[in-house]
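Residue numbers start from 1 in every chain, and the chains themselves are labelled A, B, ... in the order their sequence lines are given, proteins ahead of strands.
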Number of protein chains: 2
Amino acid sequence: MTSDDSPNAPVRTVRADVRRNRARLIAAAREMFQRDGAGASLEGVARLAGVGIGTLYRHFPTRQDLLEALLADAYGELADRARELAESPSPGDALLEWLRAFVSGITAFPGMAAAAVVSLGGERGEASRPLREAAAVLFDRAGESGAVPPGTALGDVLRLAGGIATVTERDPEAADRLLSLAAAGMIPGAAAAPR
Amino acid sequence: MTSDDSPNAPVRTVRADVRRNRARLIAAAREMFQRDGAGASLEGVARLAGVGIGTLYRHFPTRQDLLEALLADAYGELADRARELAESPSPGDALLEWLRAFVSGITAFPGMAAAAVVSLGGERGEASRPLREAAAVLFDRAGESGAVPPGTALGDVLRLAGGIATVTERDPEAADRLLSLAAAGMIPGAAAAPR
DNA sequence: ACCTGAACACCGTTCAAGT
DNA sequence: ACCTGAACACCGTTCAAGT
């Protein structure tokens, strides 16, 4: 899962200490972000990892890059969960259950959900591709079964769930309520077209 | 609207220059936030307002206080709009239309929607009371007409709309799509109960 | 090739002195 | 009663020197 075996990547090019520094930085970031949120001091992260601040910047040029390294782990687990739930005989319920896991999985600390929304909507979207591919299977089955309104885009569903996660970071019960509300519809009969 | 004529407030206690400084700070903040987002330099705001940084802190002890002063204006307009729409013969459509105005009204600059979610969910909630009261009339009529599912709380509807605003700050078309999706329901038939 | 950390720039916040 | 801005603390980011 963490191996980078692309065909033409130079073999044995990554020194052991480089790998180790990267792993230490990610572990330190996880700990710091969980304590202080996504805005935690990067100097503190480097200190906790036992490396210089320059090494942090070399591995992760921006804070978002560091956050996406943490998100990649969460995305992996959520992709697994999506593959499991894709077997469900009730695709609509399965999609909703997965969306609950998604919201919960991207709110490990304040600011994580906002970073997830950026990474999901980003141009490159490297980190989130496995997640989106696994979710697409689940989403398409729900669509085929008629559980999702025609014309609905997965990207919009993920963004809406990301928005719910963003505003309920410290309140898991509210997250469940808002997700149920958005799933069932706030105003089911209203005219959908703007203006 | 901006007069503070509470019964036992000391009359003539607010010096003209104090009022003027406050107004200048708000105007400067609006300009700076629109240019740089809600994280704009507070020193820059003070400089643009032509006052010392200490004066900014005296008037607005926290950045959120300054943001809420801007939000109060937006809330006033949205309260007016809610009162107009409360006359509508189609309460469900009126509520959805107002929610569009709400999302649009709290996304004048990046970070405004997040501040709105804080102010709407806050304990004191001074700034947002007029908004919530006017919205409640509209919301209750929609509920009585059956347009809103029984048991739905206005606070949850506002928070959900705030979440949509937060993740679509730079993309008004996405805001419309997500609002339509949440209004109609992402998965209308799914089991609503968590677990 | 990678790491280190000093150096620089910038900002938030407080508070003693002034009016 | 309010205003000012110097002073302090802290953090992000770069990059010359070292291994």
Side-chain angles (χ1 to χ4, degrees), chain A residues 4 6 8-29 31-70 109-111 114-115 118, chain B residues 4 6 8-29 31-70 109-111 114-115 118:
Chain A
D4 180 24
S6 37
N8 43 8
V11 181
R12 286 295 86 187
T13 201
V14 181
R15 297 193 323 204
D17 60 322
V18 173
R19 276 201 177 285
R20 204 186 49 205
N21 281 342
R22 189 187 149 87
R24 280 182 180 175
L25 280 164
I26 290 176
E31 188 172 333
M32 287 289 287
F33 288 166
Q34 259 157 16
R35 180 163 37 200
D36 301 337
S41 160
L42 294 182
E43 264 178 61
V45 171
R47 205 180 314 126
L48 186 61
V51 303
I53 182 67
T55 301
L56 183 151
Y57 275 91
R58 163 172 282 267
H59 282 268
F60 305 101
T62 71
R63 184 182 293 269
Q64 179 71 18
D65 289 323
L66 188 49
L67 285 163
E68 291 194 10
L70 298 188
F109 49 82
V118 170
Chain B
D4 181 24
S6 36
N8 43 8
V11 181
R12 286 298 84 187
T13 202
V14 181
R15 299 195 320 204
D17 59 322
V18 173
R19 276 200 176 285
R20 204 187 50 205
N21 281 342
R22 189 186 149 88
R24 280 182 179 174
L25 281 164
I26 290 175
E31 190 172 331
M32 288 288 287
F33 289 166
Q34 259 157 17
R35 180 165 36 201
D36 300 337
S41 161
L42 295 181
E43 263 179 62
V45 171
R47 204 179 314 126
L48 187 61
V51 304
I53 183 65
T55 302
L56 183 150
Y57 275 91
R58 164 171 281 267
H59 282 269
F60 305 102
T62 71
R63 185 182 293 269
Q64 179 71 17
D65 289 324
L66 187 50
L67 285 162
E68 292 194 9
L70 298 187
F109 49 82
V118 170

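Distance, A:Asp17 CG to C:dA1 P: 14 Å, rounded to whole Å. Between the CG atom of A:Asp36 and the C1' atom of D:dC10 there is a distance of 14 Å, rounded to whole Å. Summarising the geometry, the separation between CG on A:Leu66 and P on D:dG12 is reported as 11 Å, rounded to the nearest angstrom. Between the CG atom of B:Leu42 and the P atom of D:dC10 there is a distance of 19 Å, given to the nearest Å. Going from atom CD of B:Glu43 over to atom P of D:dT4 covers 14 Å, rounded to whole Å. Rounded to an integer number of Å, the gap from CG of B:Asp65 to C1' of C:dG12 is 15 Å. In this entry the distance linking CZ of B:Arg22 with P of D:dA1 reads 19 Å, nearest Å.
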Please set out all donor-acceptor pairs under 3.5 angstrom arising from side-chain atoms of residues 38-55 of chain A, sequence neighbours excluded.
unit_1	atom_1	unit_2	atom_2	d
A:Ser41	OG	A:Glu43	N	3.3
A:Ser41	OG	A:Gly44	N	3.0

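For C:dC3, one of the phosphate oxygens OP1 or OP2 lies less than 4.0 angstrom from a side-chain nitrogen or oxygen of A:His59. Within the 4.0 Å cut-off from OP1 or OP2 of D:dG12, at least one side-chain nitrogen or oxygen of A:Ser41 is found. Contact annotation: B:Asn21 reaches the phosphate of D:dC3 (side-chain N/O to OP1 or OP2, under 4.0 Å).
Counting only heavy atoms from C-beta on, A:Tyr57 has its side chain closest to D:dT14 among C:dG12, D:dC11, D:dT14.
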Between protein and nucleic acid, restricted to nucleotides 17-19 of chain C and to nitrogen or oxygen atoms under 3.5 Å apart, what atom pairs and distances do you find?
none

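With values rounded to the nearest 0.5 angstrom, B:Asp17 atom CG is found 11.5 Å from B:Arg19 atom CZ. In this structure, OG1 on B:Thr62 lies 8.0 Å from CG on B:Leu67, to the nearest 0.5 angstrom. Once rounded to the nearest 0.5 Å, the distance linking CG of B:Leu25 with CZ of B:Arg58 reads 12.5 Å.
With sequence neighbours excluded, the residues satisfying side chain to side chain contact (heavy atoms under 4.5 Å, CB included) with A:Ala69 are A:Arg22, A:Ile26, A:Phe60. Residues passing the salt bridge (Lys or Arg N to Asp or Glu O under 4.0 Å) test with A:Asp36, sequence neighbours excluded: none. Under the ring-ring contact (aromatic ring centres under 6.0 Å, His included) criterion, B:Phe109 pairs with B:Phe33, sequence neighbours left out.
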Q: Kindly express the pairing pattern of DNA chain D in dot-bracket notation, using | wherever a base pairs with another strand and counting only Watson-Crick or G-U pairs under 3.5 Å.
A: ||.|||||...|||||.||
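Looking at residues 47-56 of chain B, you'll see B:Val51, B:Gly52, B:Ile53, B:Gly54, B:Thr55 sit with a heavy atom under 4.0 Å from some atom of DNA chain D.
For residues 39-58 of chain B, no residue pair satisfies the ring pair (Phe, Tyr, Trp, His ring centres under 6.0 Å) rule, not counting sequence neighbours.
Side-chain contact between B:Val18 and B:His59: present, with at least one pair of heavy atoms (C-beta onward) separated by less than 4.5 Å.
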